[in-house]
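Computed from a predicted structure; not experimentally measured.
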Amino acid sequence: MFRFNNYQGSVYLSSVNAAAAYVNGIVSDVKSYFGLKSENETLFDENVRLRITLEQYRDRLSQAGLDTVSVPLAGFEVKRARVIKNSLNHADNYITLDKGSADGVYPDMGVVGTDGVVGIIYMTSEHRSLAISLLNSKSNISCKLKHRDYFGNLVWEDINPEYALLKDIPRHAEFYEGDTVVTSGYSAVFPEGIPVGIVEEINDSEDGLFFELRVRLSTDFSKINDVRIINDRFREEEKMLDKKAGIPQYNNR
């Protein structure tokens, strides 16, 4: 009927072409979705690298000029990972990632998200790793006030997952509420300049010798899914030098 009748044949061809176009559209959308996911992963990597690089260049340029600027992240490599387990409501919160020693992940590597610091790798198995969340009483990360170079230790002593405390800021330090807190770079865990949070409240320490700053964290720990693990290629050399010098080894810095 479709072959020997012009009208029926034209209707048939139109219907087939429309159906084929619809199916091809679905296939194209599916391919685009998975392609977009891959592109997003790549953009995530670049975002982490560029954010760190930008902060390091800004600090060095403002202090010393072009001639003394070193290549940021030259000694670091970034690995992709996905969060498969996370907790918020304990005194000691941990994050389980889908990468382990088979992927080149080992203890003392830093973990960051799109908005900033997430935690530090604590232990690994072949295909999994457990990170000490920043929301953990054992967490102790060296941080500084951006563009001011006063540094202290960031600890979590709060039941609120949105805040942490920056301790041991000297009394002569000049800073303000609203200042940005970033990693100091004074360890082999995190490079300098990774965002941590914003100063919201300034208090005295218990002994009155230092300032204690309440920091609103830049990372929303209720929404972390994809993270990046940062590895310092020269970490073992630093540990060896510390050991020779008799400097205590710390698992969380």
Side-chain angles (χ1 to χ4, degrees), residues 43-44 46-63 72-73 78 83 86-89 91 93 95 110-120 131-187 189-206 209-228 230 252-253:
L43 287 173
F44 190 170
E46 290 302 314
N47 183 46
V48 171
R49 292 178 182 276
L50 289 173
R51 174 170 283 181
I52 296 169
T53 300
L54 179 61
E55 295 303 328
Q56 292 178 334
Y57 271 133
R58 280 177 174 171
D59 284 343
R60 286 172 171 79
L61 284 170
S62 65
Q63 294 172 15
L73 284 183
V78 179
V83 174
N86 182 26
S87 65
L88 300 173
N89 56 354
N93 294 289
I95 300 170
V111 182
V112 302
T114 54
D115 296 317
V117 172
V118 170
I120 298 175
I132 293 180
S133 170
L134 197 152
L135 310 180
N136 190 303
S137 65
K138 300 182 181 68
S139 178
N140 191 338
I141 298 175
S142 178
C143 297
K144 69 175 185 176
L145 293 159
K146 184 178 177 181
H147 303 317
R148 300 184 188 278
D149 287 338
Y150 298 110
F151 67 93
N153 297 311
L154 188 82
V155 298
W156 191 62
E157 296 181 354
D158 204 328
I159 59 174
N160 192 331
E162 296 180 359
Y163 292 92
L165 298 176
L166 184 60
K167 294 190 170 187
D168 302 328
I169 300 298
R171 299 292 299 184
H172 63 271
E174 296 181 3
F175 55 89
Y176 305 94
E177 292 181 4
D179 279 356
T180 300
V181 178
V182 298
T183 52
S184 67
Y186 298 150
S187 77
V189 178
F190 295 106
E192 178 186 357
I194 298 179
V196 175
I198 301 295
V199 176
E200 281 207 355
E201 189 176 320
I202 302 172
N203 298 300
D204 293 326
S205 62
E206 292 184 2
L209 299 178
F210 299 92
F211 286 121
E212 185 175 283
L213 313 182
R214 193 165 189 248
V215 178
R216 175 181 283 276
L217 300 175
S218 56
T219 297
D220 185 346
F221 284 85
S222 66
K223 294 181 178 180
I224 51 173
N225 292 303
D226 296 306
V227 296
R228 295 297 181 264
I230 299 178
N252 197 7
R253 295 179 292 167

Checklist entry - Nearest 0.5 Å, what's the CD-OG distance between Glu157 and Ser139? => result 11.0 Å
Checklist entry - Roughly how far, to the nearest 0.5 Å, is the CD1 atom of Ile141 from the CG atom of Asn153? => result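 Nearest 0.5 Å value for the CG-CD1 distance: 10.0 Å.
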Taking the side chain as C-beta and beyond, is there a heavy-atom pair between [X] and [Y] under 4.5 Å?
X: Val181; Y: Leu213; value: no
X: Arg214; Y: Leu165; value: yes
X: Arg228; Y: Val118; value: no

Checklist entry - Just by modelled atom types, is the Phe211 backbone N or O under 3.5 Å from a matching donor or acceptor in the Ser205 side chain? => result no
Next on the checklist: Closer than 3.5 angstrom, by distance alone: can the side chain of Ser87 be matched with the main-chain N or O of Asn93 as a donor-acceptor pair?
Outcome noted: no
Report the residues that fulfil ring pair (Phe, Tyr, Trp, His ring centres under 6.0 Å) with [X], sequence neighbours left out, ordered by chain and then residue number.
X: Tyr150; result: His172
X: Phe151; result: Tyr186
X: Phe210; result: none

Checklist entry - Does the pair Leu88 and Leu135 meet the rule for a side chain to side chain contact (heavy atoms under 4.5 Å, CB included), with working shown? => result CA-CA 7 Å; Leu88 300 173; Leu135 310 180; 3.8 Å; yes
Pairing residues for [X] by the salt bridge (charged side-chain N to carboxylate O under 4.0 Å, His left out) criterion, not counting sequence neighbours:
X: Asp168; value: none
X: Glu177; value: none
X: Glu200; value: Arg216

Taking side chain to side chain donor-acceptor pair (under 3.5 Å) as the test, write out the residues that go with [X], two or more places apart.
X: Asn86; answer: none
X: Asn160; answer: none
X: Arg148; answer: Asp179
X: Thr183; answer: none

Checklist entry - Can you tell which of Thr219, Val111, Val112 makes a side chain to side chain contact (heavy atoms under 4.5 Å, CB included) with Val227? => result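 Single pass found, and it is Val111.
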Checklist entry - For Ile230, which of Ile194, Ile120, Val189, Val117 qualifies under side chain to side chain contact (heavy atoms under 4.5 Å, CB included)? => result Ile194
Checklist entry - What is the minimum heavy-atom distance between Ser142 and Ser184, and which atoms define it? => result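 Where Ser142 meets Ser184 most closely, the heavy atoms are OG-OG, 2.5 Å.
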Item to check | Shortest non-hydrogen separation from Ile159 to Pro161 and the atoms involved | outcome: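 Result for this residue pair: O-CD, 3.4 Å.
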Checklist entry - Can you name the residues that form a side-chain contact (heavy atoms from CB on, under 4.5 Å) with Thr180, not counting sequence neighbours? => result Lys146, Val182, Ile198
Checklist entry - What residues, two or more places apart in sequence or in another chain, satisfy side-chain contact (heavy atoms from CB on, under 4.5 Å) together with Ala164? => result Leu134, Leu154, Trp156, Leu217
